[in-house]
Amino acid sequence: MKVIELRRKYVEFFEERGHKVMASASLVPDNDVTVLFTTAGMHPLIPYLLGERHPFGKRLVNIQKCVRTGDIDEVGDGSHHTYFEMLGNWSLGDYFKKESITMSLEFLTEVLNIPMKNLSVTVFEGDAEVARDTETYHLWKQVGLTDSQIYYYGRKENWWGPVGLTGPCGPDTEIFYDNGNKKCCVTCGPSCSCGKYVEIWNNVFMEYNKNQDGSYSPLKQKNVDTGMGLERILRVVNGKENDYETELFYPIIEKVEELTGVKYGKENERIFRIVSDHMRAAVFILGDEKEVVPTNSEQGYILRRIIRRTIRYIKLLGNNENILVEIADKIIDMYDNAYPELGDHRTFILEKLDKEYQSFSKSLVEGLKKAEKYFKGVSETKILNGELAFRLFDTFGFPIEFTEELAQEKGYSVDVIGFELKFKEHQEKSRIGASGRFNKNVAN
Ligand code: GLY
């Protein structure tokens, strides 16, 4: 199934069931200063989940552009991404668990033709604050799942939100595709990372608000918030092993092969995947209506970090040319049908990438040499102190996470708190003012 068809089928299915279609919001949230990027489809809907009336009504559907950097270290496996598209349908105080579960199952089994036997689901097991969600368990049984397909898990697995420190949240039920392989061990289940299970959909029963003091209170209305990652469901529907084999990524990988002359294979798959994932994220962030550019603070810092990490990984493929612009051009061609803002911003995107490459590529080489020297100097403790990490940042433009990654590859660590102190000292001296990057209230 082509991605264009999958997007259309999803939206039409929910439209036929009374949902109004919304456009994707910007990647930079309007209504939440505690988060840098839109991390889920529900993010722009927070006021409405809290009870404000939405102009489109109580049933909504959309495909939302999202950026999450919390999982950046997992990018390179088959299913984690910094940028992704989330298919979402919502009930704002309208239907609840029963209809949500019924519609999800119908879409998966009747529209996408995924056999019921290949589905497994997880349900919130309850804790001291919120009771076990037996209602959801029974609903799954009523629609035909067997006991062996339903798993109870705790808060870590089956509770979603809030996106910042406070806000709407609740227990969820997650739907997994089970590829039918044998369980890898006795405890193997949907939360296992052996590859047997792929999470495809998350239905959150959003009926709580997390308050400033950490307590939970009931929301004015019971909502449903669902999120299904387009990359994963496209892969499942097409029987692919991982998301990178789908049309959302494979042409990018081929472009990188063509530009570097290196073939994609088992030994370098992580590098190719990181490059294609990060380039896609950079293109979407630069192409967003909010026109984020690489800087040393907030969204611009995340963008810079993503681009600089890409430059290093391309170098690890043995390429020292500026191929960012050509990869980005390819990505814009692949996506501007669905996201015309990318085509509209083509020159802007390519210019900003070129500029970032020019400003970083030389200092990367010098900085890597200097880093080697610093690591040698601390070979006894294997801890790079804050002062040296700060020098790599200040002189060579190495984001702290970048230095941490270099250190990790050698089995070293970095004194990040020492780095933050140096950074703050420097800020005060140069009166730059607070950048927000080390503000613990800001998630990304
Ligand atoms: N808001 C549901 C999800 O992101 O999974």
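What you see below is based on every heavy atom in this structure, not just the backbone, and it leaves out hydrogens, waters and symmetry mates. Order of listing sets the numbers, starting from 1, for every ligand and every atom in it.
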Next item on the list: Quick one: look up the protein heavy atom nearest atom 2 (C) of ligand 1 and list residue, atom name and how far away it is.
Entry: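 Answer for atom 2 (C) of ligand 1: Asp225 OD2, 3.4 Å.
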Margin query: Return the closest protein heavy atom for atom 5 (O) of ligand 1 as residue, atom name and distance.
Written below: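 For atom 5 (O) of ligand 1, the nearest protein heavy atom comes out as Asn202 ND2, 2.9 Å.
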Next item on the list: Inspect the surroundings of CZ in Arg8 and state if more than 12 heavy atoms from other residues, nucleotides or ligands are less than 6.0 Å away.
Entry: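 Result for CZ/Arg8: enclosed.
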Notebook entry, point to check: Has Arg68 got any heavy atom lying under 4.0 angstrom from an atom of ligand 1?
Noted result: yes
Item checked: salt bridge (Lys or Arg N to Asp or Glu O under 4.0 Å) between Asp329 and Arg346, worked out -> CA-CA 8 Å; Asp329 213 27; Arg346 191 183 293 263; 2.7 Å; yes
Check: Can you tell me if Ser104 and Asn203 form a side-chain donor-acceptor pair at under 3.5 Å?
Finding: yes
Checklist line | Atoms in ligand 1 with a heavy atom of Ala40 nearer than 4.0 Å | finding: 4 (O)
Margin query: Show me which atoms of ligand 1 lie under 4.0 Å from any heavy atom of Met42.
Written below: 1 (N)
Margin query: Can you list everything that forms a salt bridge (Lys or Arg N to Asp or Glu O under 4.0 Å) with Glu129? Sequence neighbours excluded, please.
Written below: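 Residues passing salt bridge (Lys or Arg N to Asp or Glu O under 4.0 Å) with Glu129: Arg155.
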Next item on the list: Quick one: list whatever passes ring pair (Phe, Tyr, Trp, His ring centres under 6.0 Å) with Phe176, sequence neighbours left out.
Entry: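 Per chain and number, Phe176 pairs via ring pair (Phe, Tyr, Trp, His ring centres under 6.0 Å) with no residue.
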Margin query: Please classify the Val204 to ligand 1 contact at 4.0 Å (heavy-atom distances, strictly less than): side chain, backbone, both or neither.
Written below: side chain
